[in-house]
Protein chains: 2
Amino acid sequence: MTKTAVHLTEVCPRDGFQSIREWIPTDVKVKIINTLIDCGYKQIEVTSFVHPKAIPQLKDADEVLAQIKRPPGVTFRALVPNVRGLERAIHAGVHKAKLMLSASDSHSISNANCTTEQALAQFEPLIERAKDSDIEIAGSISVAFGCPYEGEVPLARLVMICERYAAFGIEEVSLADTTGMANPTQIKETVRVLKARFPQLIFTLHLHNTRGMAFANAVAGYEEGIRHFDSSTGGLGGCPYAPGASGNIASEDLIHGFEAMGIPTNVSLDAVIHAGAVIQEQLPAYIDSFILKAGKSSDLSATPTAQVKVES
Amino acid sequence: MTKTAVHLTEVCPRDGFQSIREWIPTDVKVKIINTLIDCGYKQIEVTSFVHPKAIPQLKDADEVLAQIKRPPGVTFRALVPNVRGLERAIHAGVHKAKLMLSASDSHSISNANCTTEQALAQFEPLIERAKDSDIEIAGSISVAFGCPYEGEVPLARLVMICERYAAFGIEEVSLADTTGMANPTQIKETVRVLKARFPQLIFTLHLHNTRGMAFANAVAGYEEGIRHFDSSTGGLGGCPYAPGASGNIASEDLIHGFEAMGIPTNVSLDAVIHAGAVIQEQLPAYIDSFILKAGKSSDLSATPTAQVKVES
């Protein structure tokens, strides 16, 4: 039986790079992004137009956009927090601006110094400004499946935020398991409710592997009809709350798993593994990928010769 | 809705220890096993009665069995390769002997210097000998979901082996994804066929996380009615084909995931995390566990104070 394909967005250049403190030179960023473009991704989250003081690593967002190649059919997405960021993104030729807010007030205050409600209110002028341009707007919800400060996030919070996004005319919402607190049962229940309530919205799952459940969560989402996933080549994008813990699900792990299940990704696994090796060469300390370590299931070993037989 | 519980067998003392070259003193093994017993496991795979030259690390199998505590209700399982191993296991007071063979001839020759058919033939005198004792016999199939030398393992091979095990009067068969080649679709299809064909057999899944799919595979198995799983505290038990790659699914990761999904394990997660810390203290280089690194989803952080606001 042919399974329907998934659409993957590569987020290493944003979520991955922003988690790294040591400065990554602009030309290295450009080289990595160009290598990722060659993998066949139709959408790449290339950077974030936040204030340079907030995330110094991404202060070169404009230069990065100016220097990467621009093949037709590839959408460049970037995070924008406000009108000023949107202006920069439009000027840099970004195709899609992703809004970011947190499902819980505690995480929102920690991350953006405002409540979820205040964040939504701040999006209004941004939405207005976007109407005068060609830029698309997508929404996202951080800590959608659990907050590291508050714990469980009521589903009603996600419904409320999606209602507001829908009222803005937004058609895509990314649900982020920012600190890897989701489990497959919860993913299924949440997706089922949101898809029934908002049939007009396209939901993306942005999964972190902090507790080893990211691929199981992706499968659960797929089984509930999710066809859009974010992932990060090399698994770049650590967990800010637990040093050394896993972050974003690695693109090569997600692609390898989906393809093994017969789910087309339309991204070249071998090209992504090559891109992972390029990233590993530049940023060896940050790689976190099963496939880069173990190889593909189809990479067979030479048949061994018989060993000396030992009796018990 | 209440979900049915799973039965976990802790295999760190066998699969974990045997993967470690440096000698683990007998008293350290005993200390770790006693700590694992305190977690609430009803079954522990404590060692292997193979020839000391085959696996020097487990040459103290008899002493380990003599020194560990023996609370009522806990089944001690051990691997036995032949009649001589079985005699030792019976003498040591093992409750259940697990037979091991490989689904593919290449892996069988590499591991046991005989074909799968030859391995089955060698089990016959062992089964006869067991009939004169109280020891239970369980079967297992290594590389059941893929062989690192041959690739795909035809389902017909698993059916053939299960038929032979069933003819021996064996009631339990462990299906091992020895090098982490399984995917959830394959797990479901395989389990569905085997359970329909052998309704009298209890199947266990023994999963390795080599390619990041172990938990997804466990969930897929559960959804097809599997209720028995092996796991290894601390994730001990590396992949012999890829140094540094992940091995056995960590018990704490499996328990954390199942419990989050509302699936009772009847093992104390906190006690397993404690046992993982004890193992980490003794064998720090071999730990591979998400939960030991990231903590439980329910371990909340202190709510942060607001940061200085930055504008883009």
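So that the names make sense, note that chain A is the first sequence line, chain B the second, and so on, each numbered from 1. Just so it is clear, the values below take in all heavy atoms, side chains as well, and ignore hydrogens, waters and symmetry mates.
Ranking A:Pro184, A:Ser106, A:Gly257, A:Gly146 against chain B, the residue ahead of the rest is A:Pro184, based on heavy-atom pairs under 4.5 Å. Chain A forms the most heavy-atom pairs under 4.5 Å with one residue out of B:Met213, B:Lys293, B:Glu252, and that residue is B:Met213. Between chain B and the residues A:Ile263, A:Val219, A:Ile291, A:Thr210, the most heavy-atom pairs under 4.5 angstrom are made by A:Thr210. Counting heavy-atom pairs closer than 4.5 Å to chain A, the top residue among B:Met181, B:Glu87, B:Lys3 is B:Met181.
Residue contact with chain B, scored on non-hydrogen atoms closer than 4.5 Å, involves the backbone and the side chain of A:Asn209 alike. Of the two parts of A:Lys188, only the side chain, counted from C-beta on, holds a non-hydrogen atom closer than 4.5 Å to a non-hydrogen atom of chain B. For A:Ser298, no part lies near chain B; criterion is any non-hydrogen pair under 4.5 Å. Only the backbone of A:Ala302 comes within contact range of chain B, with heavy atoms under 4.5 Å apart.
When every heavy atom of B:Phe215 is checked against every heavy atom of A:Gly212, the shortest pair comes out as CB-O, 3.7 Å. Minimum heavy-atom separation, A:Ala245 to B:Ala294: CB-CB, 3.9 Å. Considering all non-hydrogen atoms of both residues, A:Glu150 and B:Leu300 come closest at C-CD1, 3.7 Å.
Judged by distance alone, with hydrogens and angles left aside, the side-chain atoms of A:Asn183 form a donor-acceptor pair with the main-chain N or O of B:Ala260 at under 3.5 Å. Counting only distance, with no hydrogens or angles, the side chain of B:Arg211 and the backbone of A:Lys296 share a donor-acceptor pair below 3.5 Å.
Rounding to the nearest 0.5 angstrom, the gap separating the CD1 atom in B:Ile109 from the OG1 atom in A:Thr303 is 9.0 Å. Once rounded to the nearest 0.5 Å, the distance linking CD of B:Glu152 with OG of A:Ser297 reads 11.0 Å.
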Verdict with reasoning, B:Glu223 to A:Glu223, per side-chain contact (heavy atoms from CB on, under 4.5 Å): CA-CA 12 Å; B:Glu223 286 172 355; A:Glu223 287 173 354; 4.1 Å; yes

